[in-house]
Amino acid sequence: MKKFLIIANWKLNGNFYFINKNINLIKKKIDNLLSFCDLSIAPPYLYISYINNFLKNTSISLTAQNVDIHTEGSFTGEISINMLKDVGVKYVIIGHSERRLYHNEDNNLISKKFILIKNNGLIPIICLGETEKQKEQNQTEKVCIQQINNILENSNINILNKTIIAYEPIWAIGSGKSANINEIEKIILYIKKYIASLDAKIAENIYFLYGGSVNYSNLDIFLKKKIINGLLVGKASLTTENFISLVKKAEKIINSLNRS
Ligand code: PEP
């Protein structure tokens, strides 16, 4: 992976009109800048294959917003890891708070998904973060470490090698209010140190992202922290002109900071 990673999570948004209008624009305006970062788009499943045709010969990759734990069979409405591989997906987001909340996904299911994705050669992006109430009760670290431990109970430390952990405080997602940068740094450092206490090399090989109301105006503060290896961007990725400006700004800042 490159110095930095930006994931555009479109969630349940977009259609052929939106894609036809915007993908070529993204390709034209951003692809040539991408020596500084990996850019990946997470559209709804239905459009992955279609978008992939536009992205051939570019360095822009595709991310899935979810995967099922079953590889085939009678599971109406689900999508398997092999299908994601078939259509050219690189990363898979799991544990997003919207799936935890609206689809009752728990740590155990998310751990199974993580292991499945990793064992199939794709890269899991696991989202961890606390609710507002858990934050008030100083539970943030506990909530994040519980999910890591759950993965480790079902596998071993090597499963975390070269994967991605996105710290996404639930109360910050879509709220327009990002988390305080010192708190983000503190929690990512805590998770990283915890993993390093088990295996220092693996901790270094993990990418840590921040997600939660990142936009063009607040971008700088996240980029200046070396512990943040990338950003998960929801709402601000849906207006293509603004998203292009955001990536261009990130490129300028990262190059000027000479991040390694
Ligand atoms: C997200 O849902 O992962 C996210 C980061 O959304 P937003 O940028 O809209 O807060």
Side-chain angles (χ1 to χ4, degrees), residues 4-14 18 22 26 30 37-45 47-48 61-67 89-105 107 110 113-114 117 123-132 134-135 140 143-144 147 163-181 183-185 187-188 191 206-223 225 227-250 253:
F4 206 76
L5 172 63
I6 297 178
I7 309 277
N9 181 10
W10 288 4
K11 309 189 185 189
L12 187 57
N13 296 293
F18 177 84
N22 292 303
I26 292 179
I30 306 186
C37 112
D38 270 339
L39 174 68
S40 195
I41 297 173
Y45 285 139
Y47 301 110
I48 290 177
S61 66
L62 281 158
T63 294
Q65 296 179 19
N66 187 27
V67 67
V89 160
K90 181 172 181 183
Y91 305 102
V92 186
I93 298 172
I94 47 167
H96 194 284
S97 60
E98 288 151 15
R99 293 220 53 95
R100 292 179 192 259
L101 182 65
Y102 305 126
H103 301 273
N104 298 323
E105 295 199 6
N107 278 354
I110 294 158
K113 291 186 178 190
F114 187 99
I117 297 163
I123 304 174
I125 301 175
I126 184 163
C127 302
L128 313 175
E130 78 288 0
T131 61
E132 194 140 37
Q134 287 165 334
K135 180 177 158 57
T140 304
V143 167
C144 295
Q147 175 73 81
T163 62
I164 301 175
I165 295 176
Y167 173 54
E168 293 213 308
I170 295 169
W171 50 270
I173 295 174
S175 68
K177 198 178 91 190
S178 69
N180 176 286
I181 189 64
E183 285 175 21
I184 299 170
E185 187 177 31
I187 183 65
I188 293 182
I191 302 169
I206 295 172
Y207 260 51
F208 288 91
L209 312 188
Y210 168 73
S213 296
V214 173
N215 58 45
Y216 179 87
S217 309
N218 64 16
L219 191 64
D220 321 36
I221 51 171
F222 309 113
L223 300 176
K225 294 287 179 188
I227 194 147
I228 300 177
N229 308 113
L231 298 168
L232 195 45
V233 184
K235 208 172 184 174
S237 69
L238 293 175
T239 315
T240 302
E241 287 78 7
N242 295 350
F243 183 63
I244 290 170
S245 306
L246 184 151
V247 176
K248 282 186 172 172
K249 186 176 177 187
I253 297 172

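We count ligands from 1, going down the list as the structure has it; atoms in each ligand are counted the same way. Positions are given from 1, in the same order as the sequence printed here. What you see is a predicted model; the values in this text were computed from it and never measured.
Of all the atoms in ligand 1, the ones that sit under 4.0 Å from a non-hydrogen atom of Ile173 are 1 (C), 2 (O), 4 (C), 6 (O), 10 (O). Set against the non-hydrogen atoms of Glu168, the atoms of ligand 1 under 4.0 Å away are 1 (C), 3 (O), 4 (C), 5 (C). When each atom of ligand 1 is checked for a heavy atom of Ser213 under 4.0 Å away, the hits are 7 (P), 8 (O), 10 (O). Below 4.0 Å from some heavy atom of His96 lie the following atoms of ligand 1, by number and element: 1 (C), 2 (O), 3 (O). In the vicinity of Lys235, heavy-atom distances shorter than 4.0 Å reach the ligand 1 atoms 7 (P), 8 (O), 9 (O). Heavy-atom proximity to Gly174, at under 4.0 Å, picks out these atoms of ligand 1: 7 (P), 9 (O), 10 (O).
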For residues 238-248, which side-chain N or O atoms pair as donor and acceptor with protein atoms under 3.5 Å away, sequence neighbours left out?
from, atom 1, to, atom 2, distance (Å)
Thr240, OG1, Asn22, OD1, 2.8
Thr240, OG1, Asn22, ND2, 3.4
Ser245, OG, Glu241, O, 3.0

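Residues Glu185 and Lys225 are paired through a salt bridge, judged by an N-O separation under 4.0 Å between the basic side chain and the carboxylate.
Side-chain atoms of Asn229 come within 3.5 Å of backbone atoms of Phe208 as a donor-acceptor pair (strictly under, hydrogens ignored).
Residues Arg99 and Asn104 bring no donor and acceptor atom of their side chains to less than 3.5 Å of each other.
Closest protein heavy atom to atom 8 (O) of ligand 1: Gly234 N, 2.8 Å. Regarding atom 2 (O) of ligand 1, its nearest protein heavy-atom neighbour is Lys11 NZ, 2.5 Å.
Interatomic distance, Ile221 CD1 to Ile184 CD1, rounded to the nearest 0.5 Å: 6.5 Å. The line from NE2 of His96 to CD1 of Ile126 is 12.5 Å long, rounded to the nearest 0.5 Å.
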